[in-house]
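To start, the structure under review is shown below, and the notes come after it.
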Number of protein chains: 2
Amino acid sequence: MARLKDDTKIQSIHDAACNLLLKKGFDGLKMADVAKQAKLATGTIYIYYKTKEDLINALFTAIKQEISNELLHPKNQKTDFFSTFKSMWFAYFNYCINKPQNMLFVEQFYHSGLLTSQTLTITDTLMQPVYKFIELAQKNDIVRNLDVYFIQAQIAGAIHEIVKVSLTKKAKLTKTSIQHCFYMAWNSIRK
Amino acid sequence: MARLKDDTKIQSIHDAACNLLLKKGFDGLKMADVAKQAKLATGTIYIYYKTKEDLINALFTAIKQEISNELLHPKNQKTDFFSTFKSMWFAYFNYCINKPQNMLFVEQFYHSGLLTSQTLTITDTLMQPVYKFIELAQKNDIVRNLDVYFIQAQIAGAIHEIVKVSLTKKAKLTKTSIQHCFYMAWNSIRK
DNA sequence: TTTATAAATGAATAATTATTCATTAATTTT
DNA sequence: AAAATTAATGAATAATTATTCATTTATAAA
């Protein structure tokens, strides 16, 4: 018999926080600014999150979940490793291009000291299926034999930096250059 | 006829700031903490830097200069592209392994909104010789034909993420795995 | 339609952190 | 050795920003 919490507000708050981070850097991530950007009163954020740290942990987890869903989506499951890898690579690459603010949020806060160990455990678990997928390819002699964490670092690290270059406008991503980027990734890990 | 500024203090302040960032994330980068870590009084930092923003810009520039010196050191100049590339790759990889705090400092502040455009211009200029070096290899059909900013992003991005994995202790870098990492880099860009 | 309940507000407050400044300590020059 | 000058100190202050709370508003249930 009362007003209900509004799920769209959670999305607004998340979007506002990420967009502010992209626009102003983490120095621009003030609770009042987030509220303003989300078109809410400052206090409203505290109805949805107990503290700023809570907000950051929730947002980090939500983004990681979204990325995991994207990667593990059935549409990426092809009949051979190369095709599946290609599909997943493009899924992640496009995610980063389309939501660079989310990519940067995760990067900025991973080493921020603001994430709880629970958050780190949960988000690491989300990636396990991807690691299993790579390990299988290694057993089948398709992928270089190296700890999967480094394989994933090679692929993701390169994507992140490429997208960041594209953000600075130092260079422009075209259909051709994106193909190059994919084959850089593939050639780096294939046997 | 008076006391002189002490250059070793600048180094202390720089080291303190980077080490705090590595240990506590950018939330731990408080002027008072930096001073304490550098074994100085809070006010002393303000003799060397006008503001916190000044300190960050100076430190960013100093690290970029150090990296540039490392990369362009004559010892890396070999007779062929592959050998020179290999030498430079290891120089940068080892720099990141040995001074991850510096690597993280640069990464965290590049999109922080705290760097002046002057700082960004200066530090970009420092990398120009490296870009020229890659462009020459492209003309000689040794390296994939893609904007050098993306080539450099591919190499540096992968290194950063690999070093970060190693920092989290999720996986350990051995002589063998480092060799793998190098060949991932080389295979990604070679023609 | 009324009532009960919780969301929403935003100014006020609390907490945090950058910066200043009066004072002291060093050290260079004469 | 004394004087002059500037570095160094750290407590006090100013500025910034997270959080609270008294009040208002919206809405689900009766």
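FYI, side chains are in, hydrogens and waters are out, and symmetry mates aren't considered; it's all heavy atoms of this structure. Proteins get letters first, then strands, A, B, ... in listed order; numbering begins at 1 in each.
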Nearest to the [X] side chain among [options], which nucleotide is it?
{"X": "B:R3", "options": "C:dA7, D:dT6, C:dT9", "answer": "D:dT6"}
{"X": "A:I47", "options": "C:dA7, D:dA7, D:dG10", "answer": "C:dA7"}
{"X": "B:A41", "options": "D:dT9, D:dA8, C:dA18", "answer": "D:dT9"}
{"X": "A:Y46", "options": "D:dA7, D:dT20, C:dA8", "answer": "D:dT20"}

For A:Y49, answer base if it contacts any base atom (sugar-phosphate contacts may also be present), sugar-phosphate if it contacts only those atoms, and nothing otherwise; contact means non-hydrogen atoms under 4.0 Å. nothing

Report which part of the nucleic acid A:I45 touches: base, sugar-phosphate, or nothing (heavy-atom distance under 4.0 Å, all strands). nothing

Between A:L4 and B:T42, which residue's closest nucleotide on DNA chain C lies nearer the 5′ terminus? A:L4

When the distance from [atom1] of [X] to [atom2] of [N] is rounded to whole Å, what number comes out?
{"X": "B:F26", "N": "D:dT17", "atom1": "CZ", "atom2": "P", "result": "14 Å"}
{"X": "B:E53", "N": "C:dT19", "atom1": "CD", "atom2": "P", "result": "9 Å"}
{"X": "B:K52", "N": "C:dT17", "atom1": "NZ", "atom2": "P", "result": "9 Å"}
{"X": "A:I13", "N": "C:dT9", "atom1": "CD1", "atom2": "P", "result": "10 Å"}
{"X": "A:L40", "N": "D:dT24", "atom1": "CG", "atom2": "P", "result": "21 Å"}
{"X": "A:K39", "N": "C:dA8", "atom1": "NZ", "atom2": "P", "result": "16 Å"}
{"X": "B:K5", "N": "D:dT5", "atom1": "NZ", "atom2": "C1'", "result": "14 Å"}
{"X": "B:L29", "N": "C:dA18", "atom1": "CG", "atom2": "P", "result": "8 Å"}

Quick check on A:K191: does its NZ atom have over 12 non-hydrogen neighbours (other residues, nucleotides or ligands) under 6.0 Å away? yes

For atom NZ of B:K170, is the number of surrounding heavy atoms from other residues, nucleotides or ligands below 6.0 Å larger than 12? yes

Is the distance from OP1 or OP2 of [N] to the nearest side-chain N or O of [X] less than 4.0 Å?
{"X": "A:T44", "N": "C:dT9", "answer": "yes"}
{"X": "A:Y48", "N": "C:dA8", "answer": "yes"}
{"X": "A:K9", "N": "C:dA8", "answer": "yes"}

Are the ring centres of B:F26 and A:F109 closer than 6.0 Å? yes

Examine A:F85 together with A:F133 and report whether their ring centres are nearer than 6.0 Å. no

Hey, does the side chain of B:N187 reach the backbone of A:I189 with a donor-acceptor pair shorter than 3.5 angstrom? no

